[in-house]
Amino acid sequence: MSGPGAATRAAVSASALCAGYLATYFVSTALPTPLFWYAPLGRHVVWSVHPAELACDFYGRVALALAVGAACGALAWALTRGASPARLARALRLLGAWTAALLVFTAALYVYRLAGRRGSPMPLPPDYQAR
Amino acid sequence: MSRVAALALSLSLAVPSGGFEAIASRAGARSHDASCARMQAWVDAHPRDPRAGRGLVWMAELRLVDARADLALPLFARAARDFAGSEWGWEGEKGVADLDLARHSYASAIATYDRLATLPGPYWRYVGRTSAKAARAARRRWHVFLLLAALLTIGLGVRLFRARRALWPPPEELTYALPVAAVMLLACLRQPAGEAHAVATVALGALVLLYAHGVHLRARAASAPARALEALLGLCEAAALLYCAVVASGLWARFAETLTSGAER
């Protein structure tokens, strides 16, 4: 397949990647999912649901979502092999709608979670002396 | 720790030494059934002991920790009857009223709370007044729930009836919402039962509403204004479904707190 058909097939795969990425981002946020967390103070990575030390989950969550999204994209690429243009167009419309719905849903979840967040400072070390 | 568990623990810790105290203070070391059986035997052997009322309420609270309202009710009722006019009799009355409230028997619960609010002393005045106020609000929500549930059911029935010749295949709109419903259902797997019930109700109920709207629009060609009206109705139905799910799952207080205090409180 080449030309418009190949382009549509690539678009279907990209949409599947986006939908898988967003769904994983949402589910891994809503469920206690073990992830790689980066601890900037110790400069090391922790595999945990929620580490006790100061750490950020962003890189691990994005990596997990990208991995699942890539798997979804590859699956869509394999499943659409030899598909008719009409079928590809329908799949693209459906996956586009799924991606849009998941984007709104996941973004709303994060806006809701972060809107009222107030950062709490780490406790000062015991040997700290104010200058 | 839940309020009920905390009360059961405080009742256990509050008692001095002796037969009664040995049973109450060792509740953590035995199963609740075994503790209640021992306390029941003690209460039956000492029916006129002033601590028997406390023992009855203690057993009832343990039963509530285990979500056994059916076993807690007769214990509260006996405390209210046999120790009327005492602290434990009033605790028994309040326990019965709380269980009435949970069964949507609002009139009897509110009457009891109002009566407790007339007792001497600031504690019962406060408990009676705030409980009666909360019960009246819960009754209003329950009536709104019944009204909305009836309207949703009627709307669903009318749409399905009008589209009865074209119910299959499912409309395309339904497939658009599938992943959102799927992630919602996945997300409620690790939630407490009440919250999982509410989320699952919203996710599955929304799919049913979407199906009804889809087949209705497919079966009856509608003008653009009619479609806009249908979309507006759909949004109202989604809000009504959310309200019904929250009220039916007993999550109204938590829902309101989450809206006002944010996600992480």
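All of these numbers come straight from a predicted model, not from anything done at the bench. So you know, we letter chains A, B, ... as the sequences are listed, proteins then strands, and number each from 1.
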Please determine whether the number of non-hydrogen atoms from other residues, nucleotides or ligands lying under 6.0 Å from atom [atom1] of [X] exceeds 12.
| X | atom1 | value |
| --- | --- | --- |
| Arg87(A) | CZ | no |
| Arg190(B) | CZ | no |
| His32(B) | NE2 | yes |

Among residues 58-73 of chain A, which ones touch chain B with a heavy-atom distance under 4.5 Å?
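Residues qualifying by a heavy atom under 4.5 Å from chain B are absent, so none.
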Show the nearest heavy-atom pair for residues [X] and [Y], with the distance to one decimal.
| X | Y | value |
| --- | --- | --- |
| Tyr176(B) | Ala101(A) | O-CB, 4.4 Å |
| Trp98(A) | Thr175(B) | NE1-O, 2.6 Å |
| Ala30(A) | Gln191(B) | O-NE2, 4.0 Å |

In terms of heavy-atom proximity below 4.5 Å to chain B, should Leu31(A) be classed as side chain, backbone, both, or neither?
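It is the side chain, since no backbone atom gets that close.
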Applying salt bridge (Lys or Arg N to Asp or Glu O under 4.0 Å), which residue pairs with at least one partner in residues 164-186 of chain B are found, sequence neighbours left out?
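For residues 164-186 of chain B, and leaving out neighbouring residues, the salt bridge (Lys or Arg N to Asp or Glu O under 4.0 Å) pairs sorted by first residue read Arg93(A)-Glu172(B).
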Taking atom CE of Met184(B) and atom CZ of Phe26(A), what is their separation to the nearest 0.5 Å?
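Going from the CE atom of Met184(B) to the CZ atom of Phe26(A) covers 7.0 Å.
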Looking at Ala115(A), Ala97(A), Ala100(A), which one has more heavy-atom pairs under 4.5 Å with chain B than the rest?
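Among the listed options, the one with the most contacts to chain B is Ala97(A).
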